[in-house]
Amino acid sequence: MMGFGSLAVRMAFGEVVDRASHAMSGNAGPRVLSDENAERLAESLCRMRGAALKLGQMLSLQDESSLPPSLTKALERVKQSADYMPKKQLDAQLRAQLGNEWESRFLEFDQVPIAAASIGQVHRAKLLDGTDVAVKIQYPGVADSIDSDLQNLKTLVRVTNLLPPGLFIDNIIKVASEELSEECDYLREAQSQRRYRDLVLADPVLRKHVNVPEVYLELCTSRVLVSRLVPGHPIDKASQYSQATRNAIARTALIIAIRELFDWRFVQSDPNFANFLYDHPSKTVHMIDFGAAREYSQEFVDGYMELVWAAANKDREKIIQVSRQLGFLTGDESASFLDAHVDAGLVVGEPFLKSNPTFDFPNSNMTGRIARHGSTFMEHRLTPPPNEVYSLHRKLAGAFYLSIRLKANIPCRDILEEAYHRHQKEKQSRNRSL
């Protein structure tokens with residue numbers, strides 16, 4: 001997941017799968033991942049629970065068109081495999097977090113969860129004043145198992161030769177450990193959700209179409225989070241609606257991503273479609289789950305804006321220059337690697353080209369064109385990227401995936417252009433104050 005190469009990895013994980021199947025099967029012929037090997041990978045990830053299962057879920061978010069059907073099926077099982085806590089264990093966890101009389105804090109509490117994920121499950125409840133809330137409860141021991149789960153995953157990767165050296169698995173594991181440790185702190189998440197809600201409410205464009213539910217801090221602990229229950233279904237299910245509705249949703253998602261990256265420097269970096277609920281009657285996108293919310297330094301965002309703006313203006317030399325400044329490149333890369341790096345960046349910049357009044361995401365074949373550079377990225381990269389990139393690229397890739405899934409054809413240039421001019425104005429103001 002390196003530089004623009006990280007988008008290649010996310011959009012074309014099939015290239016990794018191809019290598020993995022070759023290594024696991026020992027077959028010198030066509031590299032096709034067998035059903036058995038894909039199932040073996042899924043079972044291993046499921047047994048690890050916690051951190052490893054979450055990583056399995058992240059892989060299952062890849063564009064299905066670039067994955068062999070056998071792996072798509074196996075990873076879908078990983079995504080759906082989180083178990084519910086037995087009632088006795090649930091009660092013990094709530095007693096530990098909210099006290100022995102935890103039930104007295106709710107008017108109603110549904111013992112059957114409405115959702116389960118890699119590190120916790122969600123229950124419907126009513127507060128004493130009748131407010132409908134979602135109560136997220138972390139599985140016991142998850143936070144303590146992160147390091148061991150990730151080490152098990154690293155062992156699996158190395159034994160099977162699942163990932164090539166160019167992905168720098170040690171760095172991925174390090175970043176994943178830091179991110180997942182933060183995501184296990186529900187008090188941190190509650191504060192992030194409150195901060196994000198304030199940012200949306202202060203935005204005259206987003207507040208018309210986006211909602212972040214209230215958080216009830218008096219009921220939150222490091223392992224329990226209580227927020228207002230909101231209606232809707234995962235945002236990718238909006239593919240059933242009209243073209244106009246799908247375009248509006250995709251454009252809203254892109255505005256969110258650009259605001260986060262360049263105006264707020266505060267990003268909800270988990271692109272899982274289930275974290276964005278679309279309520280058709282109110283035409284509202286409800287954003288939930290802020291465990292992966294992260295802040296980025298002004299210095300890094302300044303450089304990242306220059307990189308994206310260079311891609312949006314087909315400035316090959318600027319892409320290389322800024323990539324070196326940010327640490328994506330060492331300066332010793334081969335000409336073929338630099339060409340692949342720049343070419344992938346130009347594909348990513350295509351939605352923002354001035355020559356594109358609207359961008360037809362489903363017919364752009366962005367994933368396929370970036371995928372062609374996958375082997376170059378994974379075999380010839382000399383250095384891991386800045387740590388910020390792992391989560392930042394998730395956000396931008398997530399917005400693109402959604403637009404592809406919704407078959408959106410939308411104007412994009414104005415969103416980035418307005419953000420660029422705001423950013424330049426703010427940067428000049430900062431420089432004058434020095």
Side-chain angles (χ1 to χ4, degrees), residues 1-13 51 53-67 72 75-76 78-80 115 117-119 172 175-176 179-180 182-183 189 192-193 196 200 206 209-210 212 232-239 246 249-262 264-278 285-296 304 308 348 351 361-362 366-367 370 385 387-408 410 412 415:
M1 308 175 191
M2 322 302 176
F4 284 116
S6 79
L7 293 183
V9 172
R10 293 186 173 282
M11 293 179 169
F13 190 65
L53 179 56
K54 186 171 182 67
L55 290 178
Q57 289 176 326
M58 290 168 65
L59 293 179
S60 73
L61 289 172
Q62 309 309 314
D63 175 40
E64 288 90 343
S65 66
S66 56
L67 294 176
T72 299
L75 288 178
E76 181 62 26
V78 174
K79 187 166 68 171
Q80 301 298 334
S118 56
I119 63 173
I172 290 175
V175 173
E179 290 190 1
L180 289 164
E182 292 178 347
E183 290 173 32
E189 178 178 351
S192 294
Q193 186 165 333
Y196 203 103
V200 169
L206 289 180
H209 312 287
V210 179
V212 177
H233 48 67
I235 197 168
D236 61 317
K237 305 303 181 187
S239 56
R246 287 183 278 119
I249 294 169
R251 188 169 160 86
T252 296
L254 187 57
I255 292 172
I256 290 171
I258 296 300
R259 287 283 199 281
E260 290 178 308
L261 291 170
F262 302 122
W264 303 342
R265 293 187 293 108
F266 186 61
V267 177
Q268 193 281 67
S269 65
D270 185 350
N272 190 327
F273 295 139
N275 293 337
F276 302 82
L277 303 181
Y278 178 66
V285 175
H286 297 284
M287 297 182 64
I288 60 174
D289 197 332
F290 289 83
R294 290 181 177 84
E295 186 170 13
Y296 300 91
Y304 196 71
V308 175
V348 172
F361 279 94
M366 293 179 73
T367 59
I370 292 177
N387 289 347
E388 295 93 336
V389 171
Y390 291 92
S391 50
L392 280 178
H393 275 355
R394 283 202 301 264
K395 189 67 188 188
L396 193 54
F400 286 172
Y401 291 146
L402 178 63
S403 294
I404 293 170
R405 182 72 66 90
L406 295 181
K407 296 182 171 59
I410 58 174
C412 303
I415 298 173

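This one's a predicted model, so the numbers in the text were calculated from it and none came from an experiment. Count residues from 1 along the sequence.
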Check whether any side-chain heavy atom of Glu189 sits under 4.5 Å from a side-chain heavy atom of Asp289, and report yes or no. yes
Any non-hydrogen side-chain atom of His233 less than 4.5 Å from a side-chain atom of Leu277? no
Please check if the side chain of Lys407 supplies one atom and the backbone of Ser239 the other of a donor-acceptor pair under 3.5 Å. no
For a side chain to side chain contact (heavy atoms under 4.5 Å, CB included) check, start with the C-alpha distance between Tyr401 and Leu396, then their side-chain angles and the critical distance, and finish with the verdict. CA-CA 9 Å; Tyr401 291 146; Leu396 193 54; over 6 Å; no
Return the SG to CZ distance between Cys412 and Phe361, rounded to the nearest 0.5 Å. 4.0 Å
So that I can tick it off, tell me whether Arg394 and Glu179 are bridged by a salt bridge, with the cut-off set at under 4.0 angstrom between side-chain N and carboxylate O. yes
Heavy-atom closest pair (Pro234 atom, Ala274 atom, distance to 0.1 Å) is CB-CA, 4.1 Å
In sequence, state the C-alpha distance, the side-chain angles, and the governing distance for Glu182 and Arg294, and then conclude on salt bridge (Lys or Arg N to Asp or Glu O under 4.0 Å). CA-CA 9 Å; Glu182 292 178 347; Arg294 290 181 177 84; 3.2 Å; yes
What's the separation between atom CG in Asn275 and atom CE in Met287, rounded to the nearest 0.5 Å? 8.5 Å
Indicate the atoms forming the closest heavy-atom contact of Met366 with Val348, along with that distance. CE-CA, 4.1 Å
Non-hydrogen side-chain atoms of Arg405 and Phe273 separated by less than 4.5 Å: yes
Would a distance-only check, ignoring hydrogens and angles, find a side-chain to backbone donor-acceptor pair under 3.5 Å from Arg246 to Leu406? yes
Taking all atoms of both residues into account, what is the closest heavy-atom pair of Val200 and Val212, and its distance? CG2-CG2, 4.0 Å
Please check this pair: side chain of Arg265 against backbone of Tyr296, looking for a donor-acceptor N/O pair closer than 3.5 Å. yes
Testing the basics here: between Asp270 and Phe276, what is the closest heavy-atom pair and its distance to 0.1 Å? O-CE1, 3.9 Å
Does the pair Ile249 and His209 meet the rule for a side chain to side chain contact (heavy atoms under 4.5 Å, CB included), with working shown? CA-CA 9 Å; Ile249 294 169; His209 312 287; over 6 Å; no
Distance from Ile235 atom CD1 to Thr252 atom OG1, nearest 0.5 Å? 8.0 Å
Considering all heavy atoms of both residues, which atom of Ala253 and which atom of Leu402 are nearest to each other, and what is their separation? CB-CD2, 3.6 Å
Do Arg251 and Ser403 have side chains that approach each other closer than 4.5 Å (heavy atoms only, starting at C-beta)? no
I need the Ile255 CD1 to Ile415 CD1 distance, nearest 0.5 Å. 4.5 Å
Residues Phe400 and Pro351: closest non-hydrogen pair is CZ-CG, 4.0 Å
Do Ser269 and Leu392 make a side-chain contact, defined as non-hydrogen atoms from C-beta onward lying under 4.5 Å apart? no
Tyr196 versus Glu260, side-chain donor and acceptor atoms under 3.5 Å: yes
